[in-house]
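Following: one structure in structure tokens, then a few remarks.
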Amino acid sequence: MKAINTIKATSLGLLAAAMTLSAGAAFAAPKEIAVIVKTTNSNYWQNVKKGATASMADAKGYSMTFQGPASESAIADQVSMVENAVTRKVAGIVLAASDPDALVPALKKAWEAKIPVVLIDSLVADSGKRYYQSFLSTDNEAAGEASAKALISQVGKTGKIAVMSYVAGAGSETGRVGGFKRYIEKNSQLQIVGTYYSQSQMATALNQTTDVLASNPDLKGIFGANEPTAVGMGRAIAQAGKAGKVIAVGFDGNEDLKNFVKDGTLYATAVQGSYSMGALGVKTLVKLIEGKKVEPFVNTGVVIVTKANVDLPEAKNVLY
């Protein structure tokens, strides 16, 4: 009888321990910083991760998790990641919002739970303004204008150009492509033959660009508005034998885009400080957690990279 009671007690103890572990798994590690980006399947966002990881060396006592959906268009998955971070009671969240409206309810939950939030790269809608404390990004409208200036400098002010964009309505896309188009309209007579949305899929951008080049043999220029879109655009231009004939300006700065600039497939690419977004995002969040004052907006900048400066420090510091 004593043996049976011992077995029962042991079983109950094991069950209690299992329940404790299960409950604990639902909560964050002490002082966890959750960095949630648009997708982990991009060199751009991996460069953000490098910056965030580097800043953690100075964030004593804190830990970091890094997450993102399989693609930038998987908005519901990103919403779930933010909600899960709130449920886990993380110390703070660094977020690159894939959609300006869809993330607002999740940010409200973070605000209600008194979890500070720093946005990077893309803003949310005005209805979510009170739910985050700082925004770190390229001035996307200014970056779009700079890209338009670069294109006009090579194609002139008349003729046809195309815009290859990524996810319609994303905060960065609205500012960046909007800034590009407005500058073109105000400062030239260039005709924009269409805006095409790749959903940040390189293969989609390649196919779309191939079609645009085939249906517009008189196309003078083309703009690819983010990394996977610009890479697909560049590959399509090269495959069509139109490198240097159709003037192309990309956006972001991975190895493919750097090489496209070097070999003349792209005239230029506008490169953001993605590493800085990650590094400064974590530093800003730690300040918030510790009750220190932070700036509501930090411009992380953009560099127009061409053959003339691709090997200079100003470009090397942002290429990845």
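Computed over heavy atoms, backbone and side chain alike; hydrogens, waters and symmetry mates excluded. This one's a predicted model, so the numbers in the text were calculated from it and none came from an experiment.
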Is there a path from Val303 to Phe251 through hydrophobic residues (I, L, V, M, F, W, Y) whose side chains come within less than 4.5 Å of each other?
no

Just jot down the side-chain hydrogen bond (donor to acceptor under 3.5 Å, both in side chains) partners of Gln67, sequence neighbours excluded, or say none.
none

Of all residues at least two apart in sequence or in a different chain, which pass the salt bridge (Lys or Arg N to Asp or Glu O under 4.0 Å) check with Glu145?
none

Heavy-atom neighbours of Lys220 NZ exceed 12 at 6.0 Å
yes

With ILVMFWY side chains joined below 4.5 Å, transitively, what does Val298's cluster contain besides itself?
Ile33, Val35, Val37, Tyr44, Trp45, Val48, Met56, Tyr62, Met64, Phe66, Val94, Val118, Ile120, Leu136, Met277, Leu280, Val282, Leu285, Val286, Leu288, Ile289, Val294, Tyr320

With sequence neighbours excluded, tell me which residues meet side-chain hydrogen bond (donor to acceptor under 3.5 Å, both in side chains) with Thr269.
none

Asp256 meets the salt bridge (Lys or Arg N to Asp or Glu O under 4.0 Å) criterion, sequence neighbours left out, with Arg235

Answer whether the closest heavy-atom distance between the side chains of Gln78 and Ile36 falls below 4.5 Å.
yes

Kindly say whether Ala76 contributes a backbone atom to a donor-acceptor pair with the side chain of Ser80 at under 3.5 angstrom?
yes

For a side-chain contact (heavy atoms from CB on, under 4.5 Å) check, start with the C-alpha distance between Tyr131 and Val117, then their side-chain angles and the critical distance, and finish with the verdict.
CA-CA 7 Å; Tyr131 305 136; Val117 174; over 6 Å; no

Start with the C-alpha gap between Val231 and Asp252, add the side-chain angles, then the distance that decides, and say whether side-chain contact (heavy atoms from CB on, under 4.5 Å) holds.
CA-CA 9 Å; Val231 171; Asp252 293 329; over 6 Å; no

For residues Ile192 and Val155: do they belong to one hydrophobic cluster (side chain heavy atoms under 4.5 Å, members Ile, Leu, Val, Met, Phe, Trp, Tyr)?
yes

By side-chain contact (heavy atoms from CB on, under 4.5 Å), which residues pair with Asp218, not counting sequence neighbours?
Lys160, Asn216

Smallest separation among heavy atoms of Ser98 and Ala170, with atom names:
O-CB, 3.9 Å

Quick check: closest heavy atoms across Ala34 and Val90, and the distance to 0.1 Å?
CB-CG1, 4.2 Å

Would Phe135 end up clustered with Trp111 when hydrophobic side chains under 4.5 Å apart are linked, directly or stepwise?
yes

Inter- and intrachain pairs under side chain to side chain donor-acceptor pair (under 3.5 Å), touching residues 170-179, at least two apart:
Lys38-Ser172, Ser122-Ser172, Asn140-Arg176, Ser165-Glu173, Tyr166-Ser172, Tyr166-Arg176

What heavy-atom pair brings Leu213 and Ile237 nearest, and what distance separates the two atoms?
CD1-CA, 4.0 Å

Identify the two heavy atoms, one from Ala146 and one from Ile304, that lie closest to each other, and give their separation to 0.1 Å.
CB-CD1, 3.9 Å

Do any N or O atoms from the side chain of Thr39 and from the backbone of Ala70 form a donor-acceptor pair under 3.5 angstrom?
yes

Check whether any side-chain heavy atom of Val167 sits under 4.5 Å from a side-chain heavy atom of Asp99, and report yes or no.
no

Decide yes or no for Thr306 and Tyr267: does some side-chain heavy atom of the first lie under 4.5 Å from some side-chain heavy atom of the second?
yes

Just distance, no hydrogens or angles: give the donor-acceptor pairs under 3.5 Å from side chains in residues 257-266, sequence neighbours left out.
unit_1, atom_1, unit_2, atom_2, d
Lys258, NZ, Glu255, OE1, 3.4
Asn259, ND2, Glu255, O, 3.2
Lys262, NZ, Asp311, OD1, 3.3
Asp263, OD1, Thr265, N, 2.9
Asp263, OD1, Thr265, OG1, 2.7

Would you compute the distance between atom CG of Asp101 and atom CG of Asp126 and round it to the nearest 0.5 angstrom?
10.0 Å

According to side-chain contact (heavy atoms from CB on, under 4.5 Å), who are the partners of Ser73, at least two apart in sequence or on a separate chain?
Ser71, Gln199

With rounding to the nearest 0.5 Å, note down the distance linking CG in Leu319 to CG in Asn43.
12.0 Å

Euclidean distance, Met233 CE relative to Thr229 OG1, rounded to 0.5 Å
9.0 Å

Asp139 side-chain N/O to Asn299 backbone N/O, donor-acceptor pair under 3.5 Å
no

Salt bridge (Lys or Arg N to Asp or Glu O under 4.0 Å) filter on Glu295, not counting sequence neighbours, yields none

Is there a continuous path of hydrophobic side-chain contacts, each under 4.5 Å between heavy atoms, that joins Leu190 to Leu219?
no

Just so I know, are the side chains of Tyr132 and Leu123 near enough to count as touching, which here means a heavy-atom distance under 4.5 Å?
yes

Residue pairs fulfilling ring pair (Phe, Tyr, Trp, His ring centres under 6.0 Å) with at least one residue in residues 208-228, sequence neighbours excluded
Phe180-Phe223

Measuring from atom CD1 of Ile184 to atom CD1 of Ile152, what distance do you get when rounded to the nearest 0.5 angstrom?
4.0 Å

Taking all atoms of both residues into account, what is the closest heavy-atom pair of Ala102 and Val79, and its distance?
O-CG2, 3.6 Å

NZ-CG distance between Lys129 and Leu119, expressed to the nearest 0.5 angstrom
12.0 Å

With side-chain contact (heavy atoms from CB on, under 4.5 Å) as the criterion, how do Thr195 and Lys181 come out once you've worked through the C-alpha distance, each side chain's angles and the decisive distance to 0.1 Å?
CA-CA 10 Å; Thr195 302; Lys181 288 181 176 179; 2.7 Å; yes

Taking all non-hydrogen atoms of both residues into account, name the closest pair between Ser274 and Asn47 and its distance.
OG-ND2, 2.9 Å

Side-chain heavy atoms under 4.5 angstrom apart, residues restricted to Ile, Leu, Val, Met, Phe, Trp, Tyr: same cluster for Val302 and Val271?
no

Test Met164 against every option in Leu206, Val177, Thr209, Asn226 by the side chain to side chain contact (heavy atoms under 4.5 Å, CB included) rule and name the one that passes.
Thr209

Hey, could you give me the CD/CE distance between Glu227 and Met202, rounded to the nearest 0.5 Å?
10.5 Å

Could you go through Gln272 and Val318, starting from their C-alpha distance and side-chain angles, then the distance that decides it, and tell me whether this counts as side-chain contact (heavy atoms from CB on, under 4.5 Å)?
CA-CA 7 Å; Gln272 304 177 82; Val318 293; over 6 Å; no

Can you sort out the partners of Lys316 under salt bridge (Lys or Arg N to Asp or Glu O under 4.0 Å), two or more places apart, ordered by chain and number?
none

Should we say atom NZ of Lys108 is surrounded by more than 12 heavy atoms from elsewhere, each under 6.0 Å from it?
no

Quick one: does Leu107's side chain get under 4.5 Å of Leu95's, heavy atoms only?
yes

